[in-house]
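What follows is a set of notes on a single structure, which appears directly below.
Just so it is clear: chains get the letters A, B, ... in the order the sequence lines come, proteins before strands, and each one is counted from 1.
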Protein chains: 2
Amino acid sequence: MLIPDAYSADCPTRQVLDRVADKWAVLLLGLLSREPMRFNRLRRTVEGLSQKVLAQTLRSLERDGLVTRSVFPTVPVTVEYAITPLGMTLAQTVDQLRIWAETHMPEVAACQRRYDAARAEAA
Amino acid sequence: MLIPDAYSADCPTRQVLDRVADKWAVLLLGLLSREPMRFNRLRRTVEGLSQKVLAQTLRSLERDGLVTRSVFPTVPVTVEYAITPLGMTLAQTVDQLRIWAETHMPEVAACQRRYDAARAEAA
DNA sequence: CCTTGATGGTTTCCGATGGATACCAAGTTG
DNA sequence: CAACTTGGTATCCATCGGAAACCATCAAGG
């Protein structure tokens, strides 16, 4: 089987890929792989991420066994998110993606400018 | 700088990550890294991918310099998509993601079942 | 005392996005 | 001439994501 089953719609792998190929999940796993963090600190660190989507994404990651959620009855309540061993294996993979983006960003931006310029003069 | 700038909203890296952390882009790059393919064959191979989103995704990938689009004036017209050297470097990275999903899918599914069971008995 | 602030969310509203479907032009085949 | 192929675009509608408001709890400050 040269082409694995991620390409068939009913394969569970597809669902895993859905979760994993998410911008916010990539950034959150990258952060949590360094150290456990709390809700509002994650929120402040990842610019542009709303509370709602942060809560949703963290719950998905928790359901998938990639992060743990620990509540401490302090005041105000403290909720700490930490990465699991399974999540750590994924974090190493997705971090390559972030590194690729940071490395090749100038080249991609140059291609975009060329593409846009070509289309502008065609119009 | 321990935490790179992908976490700031205005960094171009974020835009690159947006494109790259996309389920369909991952699957398409995986296919095109093996061989050039035409529009409808991609559409048939990637189950669940609509024509509209396929066209949008391919145009984004072309704009980013990751794939090339070649039109041959046959009848009916033939349009072939091929990966670029830049796209090849990315394909190797995102393929790790697909492989991770296929490898760890059973473990993730088990975590999901445990999570759902725990929530069901709590309710 | 009572407002302000922090904690970690949920709810509401609205604009953007994605999927399904129909449609298009060109031309070959039945 | 009708149907089917190619590679799309246009339209409609459901869902999704972001912005902002709201919630409870308690601590500190005026």
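At least one side-chain nitrogen or oxygen of B/Arg59 sits closer than 4.0 Å to the OP1 or OP2 atom of D/dT9. Taking only side-chain nitrogens and oxygens, A/Arg41 never comes nearer than 4.0 Å to OP1 or OP2 of C/dA6. In this model, the phosphate group of D/dT5 is not approached by any side-chain N or O of B/Arg38 to a distance below 4.0 Å at OP1 or OP2. In this model, the phosphate group of D/dC16 is not approached by any side-chain N or O of A/Trp24 to a distance below 4.0 Å at OP1 or OP2. For A/Arg43, no side-chain nitrogen or oxygen approaches OP1 or OP2 of D/dG18 to under 4.0 Å.
Contact check for A/Ser33 versus A/Ile83: side-chain heavy atoms found under the 4.5 Å cut-off. Counting heavy atoms from C-beta on, the side chains of B/Arg63 and A/Asp116 come closer than 4.5 Å. With contacts defined as side-chain heavy-atom distances shorter than 4.5 Å, the pair A/Asp95/A/Leu29 does not qualify. Residues B/Arg43 and B/Leu49 have side chains not in contact (no heavy-atom distance under 4.5 Å, counting atoms from C-beta outward). Taking 4.5 Å as the limit, every side-chain heavy atom of B/Thr93 sits out of range of all side-chain heavy atoms of A/Thr93. With a 4.5 Å cut-off on side-chain heavy atoms, B/Leu28 and B/Leu54 count as touching.
B/Arg44 has its CZ atom 14 Å from the P atom of D/dG8, to the nearest Å. Atom CG of B/Asp18 and atom P of C/dA16 are 16 Å apart (whole Å). Atom CG of B/Leu58 and atom P of C/dG18 are 14 Å apart (whole Å). Rounding to whole angstrom units, CG of residue A/Asp22 and C1' of D/dG17 are separated by 11 Å. To the nearest angstrom, P of D/dG7 lies 11 Å from CE of B/Met37. Between the C1' atom of D/dG18 and the CG atom of A/Leu54 lies a distance of 13 Å, rounded to the nearest Å. Taking atom NZ of residue B/Lys23 and atom P of nucleotide C/dT17, one finds them 16 Å apart after rounding to whole Å. Residue B/Gln56 contributes atom CD, which lies 15 Å from atom P of C/dA16 at whole-angstrom precision.
Listed nucleotides: D/dG8, C/dT7, D/dT6. Nearest to the side chain of B/Phe39: D/dG8.
Judged by distance alone, the side chain of A/Tyr7 and the main-chain N or O of B/Leu27 form a donor-acceptor pair under 3.5 Å.
Within the 4.0 angstrom heavy-atom criterion, only backbone atoms of the sugar-phosphate kind lie near B/Tyr81; the bases stay farther away.
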(request) Indicate for each nucleotide in nucleotides 20-28 of chain C, in 5' to 3' sequence, whether protein heavy atoms under 4.0 Å reach the base (B), only the sugar-phosphate (S), or nothing (-). (result) B------SS
